[in-house]
Amino acid sequence: MAKEILSGNEAIARGAYEAGIAFASAYPGTPSTEILENISRYKEIYSEWSPNEKVAYEVAFGASLAGGRALAAMKHVGVNVAADPLMTSVYTGINAGMVLISADDPGMHSSQNEQDNRRFAYFAKMPCIEPSDSQEAKDFLKLAFEISEQFDTPVMLRVTTRVCHSKSVVELGERRESAYREYKKDFVKYCMLPSSARVRRVELEKRLSKLREYSNKSPLNRIELSNTEIGIITSGISYQHSKEAFPDASILKIGMSNPLPDELIREFAKKVKKLYVVEELEPYMEEQIRMMGIEVTGKEVIPGIGELTPDIVRNAILGKKVTYEIPKIPMRPPILCPGCPHRGFFTITSKLGLTVLGDIGCYTLGAYEPLSAIETCLCMGASVSQAVGFAKAYKGSKKNRIVAAIGDSTFIHSGITPLIDAVYNKANVVVCILDNETTAMTGHQEHPGTGRTLMGEDAPKLDLEALCKAIGVPHVRVANPNNLKETEKVLKEELAFDGPSVIIFRSPCVVRDRSVWKKPLIVINEKCAACGACFRIGCPAITKDKSGKAVVDPILCIGCGVCIQVCKSSGADKCKNVSIGYCSDICSQICRASALVEKEDL
Ligand SMILES: Cc1ncc(C[n+]2csc(CCOP(=O)(O)OP(=O)(O)O)c2C)c(N)n1
């Protein structure tokens with residue numbers, strides 16, 4: 001069989017293909033995003049970006065009921081959004097195999113929190129499978145579908161950033177078309193009213209004990225017996241770290257972490273002198289093992305925050321005190337790209353001193369200095385609902401100045417219902433939809449507002465203006481955030497309005513749409529007053545020379561012109577007085593600009 005070097009996410013996609021699945025859905029989110037991007041390359045599988053994770057889970061569940069194997073993929077916090085259907089789908093069980101992929105992010109490389117979704121699987125009483133490399137990611141996914149069908153339950157495949165993004169050798173297999181399972185109407189199984197749910201509740205417990213028996217015998221859990229001085233129970237990426245730190249130790253490798261293989265754990269515990277549990281984040285296995293009456297060392301020595309490494313595992317077990325520390329290296333927070341349309345918007349909200357309640361997306365970077373323009377970030381969609389509550393309860397001087405800033409993808413994900421709340425309850429808020437026509441933060445995925453699907457087809461484009469009007473928003477405006485005067489005028493007008501309004505700040509993401517790139521700008525050194533105004537917009541293309549004057553890097557600058565508009569020496573629109581202007585000399589000297597050598601007089 002052919003072998004390839006694949007990331008965990010690519011391997012999961014391959015596993016989905018080989019498992020003969022019919023349907024895959026997701027809402028993007030690091031570290032899970034590439035799973036669906038890779039699945040969409042297999043034309044045998046219908047795949048879609050759903051508007052949010054709840055929908056992604058439900059459409060996959062619908063596909064499973066209809067008889068096709070289905071999966072839904074999401075980052076760990078996405079499972080919170082999908083929790084409602086998830087908790088009850090475990091009662092009904094499935095028809096064709098159904099797998100939920102939860103991609104957790106220990107260390108919060110790209111997340112607003114750090115949660116261990118093995119706890120979710122335990123809470124939901126669903127099987128949880130944990131691969132530790134790309135080969136297992138593929139093989140375990142296939143097995144997860146078999147477990148799902150054998151035990152009539154959705155199954156969680158829980159991966160973490162290191163498994164998702166590390167690459168290792170994977171032996172490929174053939175696609176085995178899964179047999180179509182005919183849907184049969186079954187009130188007690190599929191229609192969760194109290195009378196039927198009570199029946200299924202009992203079934204759920206019976207299923208769990210069968211799953212525990214399975215877990216004890218399953219090849220997913222295996223003892224690797226070696227030196228018996230130290231025994232380590234571990235799962236996922238922590239298995240790789242443990243092997244590297246203690247190549248000679250005995251290991252119980254857990255691949256199925258819910259339900260845990262209790263008998264196997266007892267057997268292993270008897271064989272070794274000192275027993276450790278090495279697991280990232282929560283003492284999930286440790287607590288259960290202790291509840292079995294087995295003496296074990298875990299979080300007393302292994303940090304419960306952040307990622308583990310072989311060094312941490314080695315030091316912790318050798319008795320050196322290891323505690324989690326926030327990295328001390330100089331912070332280099334991510335910043336808005338040069339030319340990002342969000343910059344113009346924040347330049348004005350900062351200037352006006354507005355209270356901007358933020359959301360999650362590239363625009364959250366407006367919270368960092370020097371813009372410091374966003375005051376909150378909680379979860380997707382929360383900007384609008386928080387703004388409603390804030391506007392209602394706030395008694396300070398900025399009472400009428402509450403602004404919610406939310407991206408287009410995030411608005412569709414979970415901003416619409418809170419906007420309905422704003423209209424229904426007459427909240428005095430200005431909701432600013434920062435519409436860059438893509439899901440930029442996670443890598444430019446399509447969404448219902450882009451007019452394209454994951455599978456590359458044209459789709460009806462969600463009309464945000466019409467949607468907001470239909471909700472009943474009295475004022476719906478559209479503005480160009482790169483035009484600072486227009487941005488300021490529209491914001492001031494809507495802030496003066498007593499009631500909810502929506503301003504759609506529309507300008508494409510410049511990383512995705514290069515058609516908006518203009519010639520790079522140049523600073524006329526002798527005209528620069530070194531006032532620093534252009535530094536305050538936080539554009540990475542602008543740096544300071546030794547004398548404190550501005551310098552524009554022509555390689556980074558895409559000529560959005562926001563800096564020209566804040567340049568103090570610009571003297572309105574009179575080009576002659578502008579100290580930053582379009583460069584024609586430099587353009588002709590750099591390759592990217594060779595297409596842009598139009599003469600432009602300063
Ligand atoms: C529940 C949840 N799902 C997914 C994510 C990952 N995520 C963060 S921001 C974002 C979307 C950003 O797109 P948009 O709102 O259009 O803003 P942009 O980045 O384009 O400015 C996604 C998918 C998340 N943080 N939380």
Side-chain angles (χ1 to χ4, degrees), residues 25-37 49-57 72-84 86 100-105 108-115 117 120 161 164 334-337 339-346 356 358-367 371 373-374 377-385 404-419 431-450 452 454 462 464 481 504-513:
S25 53
Y27 181 73
T30 311
S32 71
T33 311
E34 302 82 12
I35 296 171
L36 259 276
E37 286 176 335
W49 291 127
S50 307
N52 66 29
E53 292 87 352
K54 177 178 187 291
V55 176
Y57 190 83
M74 55 200 66
K75 69 182 285 159
H76 60 294
V77 282
V79 179
N80 304 341
V81 179
D84 202 4
L86 168 64
L100 162 68
I101 298 168
S102 169
D104 297 7
D105 186 17
M108 295 165 279
H109 293 282
S110 196
S111 303
Q112 65 268 38
N113 78 5
E114 183 178 61
Q115 71 187 44
N117 278 359
F120 232 121
T161 306
C164 291
I335 36 177
L336 296 172
C337 302
C340 172
H342 301 329
R343 179 171 287 105
F345 170 75
F346 290 127
V356 180
D359 225 295
I360 308 196
C362 284
Y363 48 93
T364 320
L365 303 178
L371 289 164
I374 279 195
C377 170
L378 184 65
C379 67
M380 290 189 76
S383 62
V384 185
S385 15
I406 185 165
D408 44 338
S409 185
T410 305
F411 178 70
I412 295 164
H413 177 282
S414 48
I416 300 170
T417 348
L419 186 61
V431 174
C432 298
I433 304 175
L434 308 184
D435 181 7
N436 57 2
E437 299 170 344
T438 186
T439 318
M441 173 142 260
T442 41
H444 302 111
Q445 290 76 30
E446 307 293 349
H447 63 62
T450 66
R452 300 276 293 173
L454 171 62
L462 179 66
L464 292 178
I504 301 166
F505 285 98
R506 183 167 290 137
S507 186
C509 169
V510 297
V511 177
R512 186 160 213 218
D513 184 355

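Counting starts at 1 for both ligands and their atoms, following the listed order.
Listed by chain and residue number, Q115 satisfy the side chain to side chain donor-acceptor pair (under 3.5 Å) test with N80 (two or more places apart in sequence, or in another chain). Among residues two or more places apart in sequence or in another chain, the ring-ring contact (aromatic ring centres under 6.0 Å, His included) test is passed with Y363 by H342. D84 pairs by the side chain to side chain donor-acceptor pair (under 3.5 Å) definition with nothing, not counting sequence neighbours.
Checked by atom type and distance alone, the side chain of D435 never pairs as donor or acceptor with a backbone atom of F505 at under 3.5 Å. The closest donor-acceptor contact from the side chain of S383 to the backbone of D359 lies at 3.5 Å or more, if one exists at all.
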Can you give me a line-by-line list of nitrogen or oxygen pairs between ligand 1 and the protein shorter than 3.5 Å?
unit_1: ligand 1; atom_1: 3 (N); unit_2: E53; atom_2: OE2; d: 2.6
unit_1: ligand 1; atom_1: 15 (O); unit_2: T410; atom_2: N; d: 3.0
unit_1: ligand 1; atom_1: 15 (O); unit_2: T410; atom_2: OG1; d: 2.5
unit_1: ligand 1; atom_1: 16 (O); unit_2: D408; atom_2: OD1; d: 2.7
unit_1: ligand 1; atom_1: 16 (O); unit_2: S409; atom_2: N; d: 2.9
unit_1: ligand 1; atom_1: 16 (O); unit_2: T438; atom_2: O; d: 3.1
unit_1: ligand 1; atom_1: 19 (O); unit_2: C362; atom_2: N; d: 2.8
unit_1: ligand 1; atom_1: 19 (O); unit_2: M441; atom_2: N; d: 2.9
unit_1: ligand 1; atom_1: 20 (O); unit_2: N436; atom_2: OD1; d: 3.2
unit_1: ligand 1; atom_1: 20 (O); unit_2: N436; atom_2: ND2; d: 2.9
unit_1: ligand 1; atom_1: 20 (O); unit_2: T438; atom_2: O; d: 3.2
unit_1: ligand 1; atom_1: 20 (O); unit_2: A440; atom_2: N; d: 2.8
unit_1: ligand 1; atom_1: 21 (O); unit_2: H342; atom_2: NE2; d: 2.8
unit_1: ligand 1; atom_1: 21 (O); unit_2: C362; atom_2: N; d: 3.4
unit_1: ligand 1; atom_1: 21 (O); unit_2: N436; atom_2: ND2; d: 3.3
unit_1: ligand 1; atom_1: 25 (N); unit_2: Q112; atom_2: OE1; d: 3.4

Verify salt bridge (Lys or Arg N to Asp or Glu O under 4.0 Å) between E446 and R512, making sure each step is shown before the conclusion. CA-CA 11 Å; E446 307 293 349; R512 186 160 213 218; 2.9 Å; yes
